[in-house]
Amino acid sequence: MSNTLFDTAPDFNQPIAVLKHCHDRIRKQLTTLDKLPAHLAAHGADLEAQKAAQAVLKYFNNAAHLHHDDEEQNLMPMLQATARDADLALLEDLVPGILADHAAMDQDWLQLQAQLDTIATGASAELSSDNVRRFCDAYTAHMAREEANIAPMAKRLFSPEQMAQLGSAMQVRRGIAPALPTSQVPEQQQVPVHNTVADGVVLADLRLDYGRASLTENDVADDPIAQFGKWFDEAMHAKVNEPNAMSVATVDAEGRPSSRIVLIKQFDARGFTWYTNYASQKGRQLGANPHAALLFFWSELERQVRIEGTVVKTSPEESDKYFYSRPVKSQISAIASQQSAPIENREQMEVNYEAVAAASGEHPVRPEHWGGYRLEPVRIEFWQGRRSRFHDRIVYVRQADGSWAKERLQP
């Protein structure tokens, strides 16, 4: 009844074939599982039943979840970032169902697992035929849907670089990616440092090879604001997590840098705008040194945009327009918080909020210390991740006459 788990697998340079191989191994275990209730009814938890239960447990406990992670963390996000038009519409229809299937099958497995554990030791012959049938039917239909839609789309859309990236991620997940042996590390470098994360993974080995796209001088627009708009639209289209989040880096009077994440609220030919408390740390630093740098990082698209320039305050009219477009509770928060100033505890913050809410009612007034900043760019760099860290970098530099000059930078 049992099926070996040690059959020959395709190489990870063919990741879609590997995923199909995983499906085939799952089908073998489902066949074993499907036969087990009848065998138990006829023979009890004999040695053959125990071996069958052990084989099914071994696969679904140790290997099946890796296949789900391959799909959820790599395959489907990569497809969503690459697909367009009808392909994207199909993914929007299929992916929620696939994720729901994973969750439902995981729950069904927990019920079967408890019964299989006792069968595997010969302690019990109890196994729900209904649970087995539901689990097998759900898994079989799920795999058929993926093989009919997801796998062919990946084969058709993915570039060789994307296939390599997917295969690399799958290897890392299974712990078979090569790592530098300690014996090859120079002795003087073998000092106690915090260089590992969960499961003993070495920080220096945490890397993914990029390969979803390329960027050439002919690909980009002549105007960097137009190019930023194009990439921003693509980030929105790919459902990047908070594509409007950017790091704002400033320096203090001693030249010491600090950075934080804020949300961009507008960009146009004038520059890139966000809103904040002028008395905050960044506000004070910008008051002393109005030069800053912005950074957008869209990991799902393997892209970043670096923007440098001079920062000016937006007009009171612009600040009013945005302030009064915010929810009333957000307006109250902006008034109640002395941003970046110390406070004793959360309770005092709540007291301050309630006091402002009581005084302001439904119509808070924008305080003078709260408003917008606009970075007027002088340098904008577009970075596209490529394989082997040989990235594409195109930079625009504003000229004295206001035009932009662009050139490629080495990675």
message: Apply side chain to side chain donor-acceptor pair (under 3.5 Å) to residues Arg260 and Gln281 and explain how you reach the verdict.
response: CA-CA 10 Å; Arg260 72 289 292 162; Gln281 181 196 48; 3.0 Å; yes

message: If only side-chain N and O atoms count, and only distance matters, is there a donor-acceptor pair under 3.5 Å linking Glu161 with Ser159?
response: yes

- prompt: Which of these passes side chain to side chain contact (heavy atoms under 4.5 Å, CB included) with Thr82: Leu88, Leu157, Leu301?
  reply: Leu157

message: Under a 3.5 Å threshold, yes or no: a donor from one side chain and an acceptor from the other, between Glu72 and His102?
response: yes

- request: Pick out which of Ile394, Ile380, Ile307 makes a side chain to side chain contact (heavy atoms under 4.5 Å, CB included) with Pro224.
  value: Ile380

field: Check: Trp298 ring centroid to Phe296 ring centroid under 6.0 Å
entry: yes

query: Going by atom types alone, do Thr273 and Arg374 pair a side-chain donor with an acceptor below 3.5 Å?
result: yes

task: Say whether Thr216 and Asn218, considering side chains only, have a donor N or O and an acceptor N or O under 3.5 Å apart.
output: no

task: Could you tell me whether a side-chain N or O of Arg25 sits under 3.5 Å from a main-chain N or O of His21, the two making a donor and an acceptor?
output: no

- request: State, without any angle test, whether Glu318 and Ser315 hold a side-chain donor-acceptor pair at a distance under 3.5 Å.
  value: yes

query: Between atom CG of Leu75 and atom CD of Gln80, what is the distance when rounded to the nearest 0.5 Å?
result: 9.5 Å

message: For Tyr373 together with Tyr275, are the ring centres under 6.0 Å from each other?
response: no

query: When you check the gap from the basic side-chain N to the acidic O, do Lys20 and Asp24 get nearer than 4.0 Å?
result: yes

Aromatic ring pairing Tyr396/Phe382, orientation class (parallel under 30°, perpendicular over 60°, tilted between): perpendicular

task: State, to 0.1 Å, how close Ser330 and Arg326 come at their nearest heavy-atom pair, and which atoms those are.
output: O-NH1, 3.3 Å

query: With no hydrogens and no angle check, do the side chains of Asn352 and Gln348 hold a donor and an acceptor under 3.5 Å apart?
result: yes

- line: For Leu215 and Asp392 the tightest heavy-atom approach is N-OD2, 2.8 Å

message: To the closest 0.5 Å, what do you measure between CG (Asp70) and CG (Leu166)?
response: 7.0 Å

field: SB check Glu302 Arg386 (cutoff 4.0 Å)
entry: no

query: Nearest heavy-atom pair of Leu30 and Cys136: which atoms, and what distance?
result: O-SG, 3.7 Å

query: Are Ser128 and Gln111 linked by a side-chain donor-acceptor pair shorter than 3.5 Å?
result: no

message: Run the salt bridge (charged side-chain N to carboxylate O under 4.0 Å, His left out) test on Lys239 and Glu92 for me, step by step, so that the C-alpha distance in whole Å, both residues' side-chain angles and the decisive distance to 0.1 Å come before the verdict.
response: CA-CA 11 Å; Lys239 295 181 172 58; Glu92 290 175 347; 3.0 Å; yes

field: Geometric cation-pi criterion Arg303 and Trp231, 6.0 Å radius, 45° cone
entry: yes

task: For the pair Glu350 and Arg346, find out whether any cationic side-chain nitrogen is under 4.0 Å from an anionic carboxylate oxygen.
output: yes

field: Minimum-distance pair of heavy atoms, taken over all atoms of Trp370 and Ser319
entry: CZ3-O, 4.4 Å

- request: Run the salt-bridge test on Arg398 and Glu308 with the 4.0 Å N-O cut-off and return the result as yes or no.
  value: no

message: Salt bridge or not between Glu217 and Arg408? Use side-chain N to carboxylate O under 4.0 Å.
response: yes

field: Shortest non-hydrogen contact from Asn277 toward Ser337
entry: ND2-O, 3.4 Å

- prompt: Are a donor atom and an acceptor atom from the side chains of Gln285 and Thr250 found within less than 3.5 Å of each other?
  reply: yes

- prompt: Does Glu147 CD have over 12 foreign heavy atoms under 6.0 Å away?
  reply: yes

message: Whether the Asp46 and His39 side chains hold a donor-acceptor pair (N or O, under 3.5 Å, no angle test) is what I'd like checked.
response: yes

- request: Classify the side-chain pair Thr276/Lys282 by whether it contains a donor and acceptor separated by less than 3.5 Å.
  value: yes

task: Any chance you could measure Lys230, atom NZ, to Asp223, atom CG, to the nearest 0.5 Å?
output: 14.0 Å

- line: So CE of Met170 and NE2 of His67: to nearest 0.5 Å the spacing works out to 8.5 Å

task: Mark yes or no: Lys313 above the aromatic ring of Tyr278, with NZ or CZ under 6.0 Å from the six-membered ring centre and no more than 45 degrees from the axis.
output: yes

message: Could you go through Glu146 and His23, starting from their C-alpha distance and side-chain angles, then the distance that decides it, and tell me whether this counts as side chain to side chain donor-acceptor pair (under 3.5 Å)?
response: CA-CA 10 Å; Glu146 289 183 333; His23 278 185; 3.1 Å; yes

message: If I compare all heavy atoms of Tyr324 with all of Pro364, which pair ends up nearest, and what's the gap?
response: CE2-O, 3.3 Å

- prompt: Would you say the side chains of Gln384 and Arg393 form a donor-acceptor pair under 3.5 Å?
  reply: no

- prompt: Does one side chain, of Asp268 or Gln266, offer a donor that lies under 3.5 Å from an acceptor on the other?
  reply: yes

message: What's the separation between atom CD1 in Ile343 and atom CE in Met349, rounded to the nearest 0.5 Å?
response: 6.0 Å

field: Between Arg387 and Gln165: side-chain donor-acceptor atoms closer than 3.5 Å
entry: no

field: CD (Glu254) with more than 12 external heavy atoms under 6.0 Å
entry: yes

task: Any chance you could measure Gln50, atom CD, to Thr121, atom OG1, to the nearest 0.5 Å?
output: 7.0 Å

